[in-house]
Amino acid sequence: MLELFPISAKIDGGELSLGGVPASRLADEHGTPLLVYCEETIRAQVAAYREAAPGALLVYGTKAFANVALLRLLADEGVGADVSTLGELAFARAAGIDGERLVFHGNNKSAEELRAAAETGALVVLDAPGEAQAAAAAGVKRVLVRLTPGVEAVTHRSIQTAHEESKFGLSPDSAAREIGRALALGLEVEGVHVHVGSQLGRVAESVLALERVLAFIEGLGWTPRFLDLGGGLGVRHNREEELPSVAEFVGPLAERIPDGVQLILEPGRSVVGRAGVTLYRLGSVKESGGVTYAAIDGGMSDNPRPQLYGARYEALLANRAEEPASGVYRIAGKHCESGDVLIDAVELPAPRAGDVLAVPATGAYTLALGSTYNGVPRPAVVLVEGGEAQEIRKRETVDDLLRFEP
Ligand SMILES: *Cc1c(COP(=O)(O)O)cnc(C)c1O
């Protein structure tokens, strides 16, 4: 199961370690739930993208997890940011990412967002008919146009984004008209954007989308400066999921990019997903109707993916990692809903209160989608590398929650 964990994960003397730090020590020192990111894994994923698409502009899909320290780490690797709100833009700016490496998306950008994007010099992705006008009025100079290529990604319905009825992008006819309007307004139209969906398990639909983009620019007799193919490569959450590597996913796309055009890629999930492990402290263990529940001190407030997408996770006991499994357990969250189950069935040694449960592949769209449901403050986040852990997001407190109560 270690293949689902970050590349630095090791089991030594029955104890899981991440980035050279024992997981139990992280849980003791920083509390639980705790989201742990492995720096080595993030850097290795970026290196895989660089190797598969030399010369491409990489921008991190910030919504997978917006965090200033992670954005800085990525900036250190030359990676920019794909943002779609004032908040995400502020995170990227706080990490020192400048306009050359910023792409601003959104299907309903406000005038304020367009002005903020313009101030930073970000590349703005036009996503609705007439948005060129609003962008020009806000002072935007450089734009891409988002195309809806009519391709159905094989993934959860909520994260398909390029099908006919998508709320994102413009049909080819409408996109061509928008390009005309943008040029007439004096905007630099630097290319076309397409994003097929997220948690993609194969490249076929992305290749099809790219072929439609290529037909579109050919039809206009246009060689744009950029082709932006978005993000989308999935992450393995359990051993049954099969996924292409970065090279297998990006290679067939990169090789179809015409000479003289720069590729932009916007990976989010595949950069940080495997790098993240969530640690929980186990509490009550009980039997109910033939099922044995082990309860964690978090749940749908720090990771709502099981409820939103039917995500299936695996786990191990970090402090008893070498003990053989003794049964199948259901991992229940602490929230007041029967649906707050993190893992429906996982094989573990008989769990005891105080054990540390480690859930791999939880670096993307977990805490980013989290909430303070049930008045539960959000967990802390640490970055581990070379035997050291650095806190990169503080644990929220109940006082933080009360601050918004007048
Ligand atoms: C969400 C999103 C991404 C990142 O997608 P991942 O599946 O996390 O790689 C990139 N581009 C756009 C436009 C997005 O909406």
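Just the heavy atoms: all of them, side chains too, but no hydrogens, waters or symmetry mates, feed the values below. Counting from 1, the numbers follow the sequence of the chain as shown.
The number of heavy atoms from other shown groups lying within 6.0 Å of CD (Glu388) does not exceed 12. The number of heavy-atom neighbours closer than 6.0 Å to CD of Glu112, taken from other residues, nucleotides and ligands shown, is 12 or below. Annotation for Glu391: atom CD counts as buried by contact number, over 12 foreign heavy atoms lying within 6.0 Å. More than 12 heavy atoms of other residues, nucleotides or ligands sit less than 6.0 Å from atom CD of Glu3. In this structure, Arg202 places its CZ atom where only 12 or fewer heavy-atom neighbours from other residues, nucleotides or ligands lie under 6.0 Å away. In Glu29, the CD atom is crowded: over 12 heavy atoms of neighbouring residues, nucleotides or ligands sit closer than 6.0 Å.
For the atom pair CG of Leu35 and CG of Leu367, the computed distance is 6.0 Å after rounding to the nearest 0.5 Å. Going from atom CG of Leu89 over to atom CG of Asp82 covers 11.5 Å, rounded to the nearest 0.5 Å. Residue Arg393 holds its CZ atom at 12.5 Å from CG of Leu34, rounded to the nearest 0.5 Å. Leu144 contributes atom CG, which lies 8.0 Å from atom CG of Leu126 (distance to the nearest 0.5 angstrom). Separating the CG atom in Asp127 from the OG1 atom in Thr148 is a distance of 7.5 Å, to the nearest 0.5 Å. Distance check: Arg305 CZ to Tyr365 OH gives 9.5 Å after rounding to the nearest 0.5 Å.
At least one donor-acceptor pair under 3.5 Å links the side chain of Ser8 to the backbone N or O of Gly19. For Asn67 (side chain) and Ala69 (main-chain N/O), a donor-acceptor pair under 3.5 Å exists by modelled atom type. Asn238 contributes a side-chain N or O that, together with a main-chain N or O of Arg312, makes up a donor-acceptor pair within less than 3.5 Å. In this structure, Thr397 contributes its side chain and Asp400 its backbone to a donor-acceptor pair below 3.5 Å. Between the side chain of Arg236 and the main chain of Glu241, a donor-acceptor pair closer than 3.5 Å is present. In terms of modelled atom types and a separation under 3.5 Å, the side chain of Thr366 and the main chain of Thr362 share a donor-acceptor contact. For Glu396 (side chain) and Pro379 (main-chain N/O), no donor-acceptor pair under 3.5 Å exists by modelled atom type. Here the side chain of Asn107 pairs no donor or acceptor atom with the backbone of Phe168 at under 3.5 angstrom. Side chain of Tyr60 to backbone of Phe65: a donor-acceptor contact under 3.5 angstrom is found. Formation of a donor-acceptor pair under 3.5 Å by the Gln262 side chain with backbone atoms of Leu227 is not found in this model.
Residues Arg43 and Glu77 are paired through a salt bridge, judged by an N-O separation under 4.0 Å between the basic side chain and the carboxylate. The pair Glu188-Arg142 does not count as a salt bridge, with every side-chain nitrogen at least 4.0 angstrom from each carboxylate oxygen. One finds a salt bridge joining Arg320 and Asp355 here, because a Lys/Arg side-chain nitrogen approaches an Asp/Glu carboxylate oxygen to under 4.0 Å.
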Q: Start with the C-alpha gap between His30 and Leu279, add the side-chain angles, then the distance that decides, and say whether side-chain contact (heavy atoms from CB on, under 4.5 Å) holds.
A: CA-CA 10 Å; His30 299 274; Leu279 304 179; over 6 Å; no
Q. Run the salt bridge (Lys or Arg N to Asp or Glu O under 4.0 Å) check on Lys109 and Glu131 step by step: do they pass?
A. CA-CA 9 Å; Lys109 300 176 207 72; Glu131 197 179 22; 2.9 Å; yes
Q: Take Val194 and Val192 through the test side-chain contact (heavy atoms from CB on, under 4.5 Å) and record every step on the way to the result.
A: CA-CA 7 Å; Val194 65; Val192 179; 5.5 Å; no
Q.
Between Leu18 and Cys38, is the side-chain contact (heavy atoms from CB on, under 4.5 Å) condition met? List the steps.
A. CA-CA 7 Å; Leu18 302 165; Cys38 164; 5.9 Å; no
(Q) Working note: Arg50 + Val79, criterion side-chain contact (heavy atoms from CB on, under 4.5 Å); need CA distance, chi angles, decisive distance, verdict. (A) CA-CA 10 Å; Arg50 290 256 178 260; Val79 178; 4.0 Å; yes
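When side chains are defined from C-beta on, Leu74 counts as touching Val271, because their heavy atoms get closer than 4.5 Å. For the pair Pro33/Arg395, a side-chain contact is recorded, criterion being any heavy-atom separation below 4.5 Å from C-beta on. Using a 4.5 Å heavy-atom cutoff, the side chains of Leu73 and Tyr37 are not in contact. Taking 4.5 Å as the limit, some side-chain heavy atom of Leu4 sits within range of a side-chain heavy atom of Arg239. Within the 4.5 Å cutoff, the side chain of Gln199 has heavy atoms near those of the Val235 side chain. Here the side chains of Ile257 and Leu229 are in contact, with some heavy-atom distance below 4.5 Å. A heavy-atom distance below 4.5 Å is not found between the side chains of Arg352 and Val285. Contact annotation: the side chain of Pro304 approaches that of Leu369 to within less than 4.5 Å [non-hydrogen atoms, C-beta and beyond].
Listed by chain and residue number, Arg146, Thr161, His193 satisfy the side-chain contact (heavy atoms from CB on, under 4.5 Å) test with His195 (two or more places apart in sequence, or in another chain). With sequence neighbours left out, the salt bridge (charged side-chain N to carboxylate O under 4.0 Å, His left out) criterion links Glu211 to Arg256.
Nearest approach of Thr155 to Ser198, heavy atoms of both residues: OG1-O, 2.7 Å. When every heavy atom of Ala138 is checked against every heavy atom of Ala118, the shortest pair comes out as O-CB, 3.4 Å. Between Ala53 and Leu265, the shortest heavy-atom distance links the atoms CB-CD1, 4.1 Å. Ser326 and Ala350 get closest at one heavy-atom pair: OG-N, 2.8 Å. Among all heavy-atom pairs drawn from Ile217 and Pro224, the shortest one is CD1-CD, 3.6 Å. The minimum heavy-atom distance linking Lys10 with Leu2 is given by the pair CA-CD1, 4.3 Å.
Counted by atom type alone, Thr32 and Asp297 present one or more donor-acceptor pairs between their side chains at under 3.5 Å.
Between Tyr373 and His335, the angle of the ring planes stays under 30°, which puts this pair in the parallel group of the 30/60° scheme. Taking the six-membered ring for Trp and thresholds of 30 and 60 degrees, His156 and Tyr309 have ring planes more than 60 degrees apart, a perpendicular arrangement.
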Which donor-acceptor pairs under 3.5 Å do side chains of residues 93-104 form with protein atoms, sequence neighbours excluded?
residue : atom : partner : partner atom : Å
Arg93   : NH1  : Ile97   : O            : 3.2
Asp98   : OD1  : Glu100  : N            : 3.4
Arg101  : NE   : Gly78   : O            : 2.9

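A side-chain contact (heavy atoms from CB on, under 4.5 Å) with Ile331 is found for one member of Leu357, Asp344, Val341 and no other, namely Leu357.
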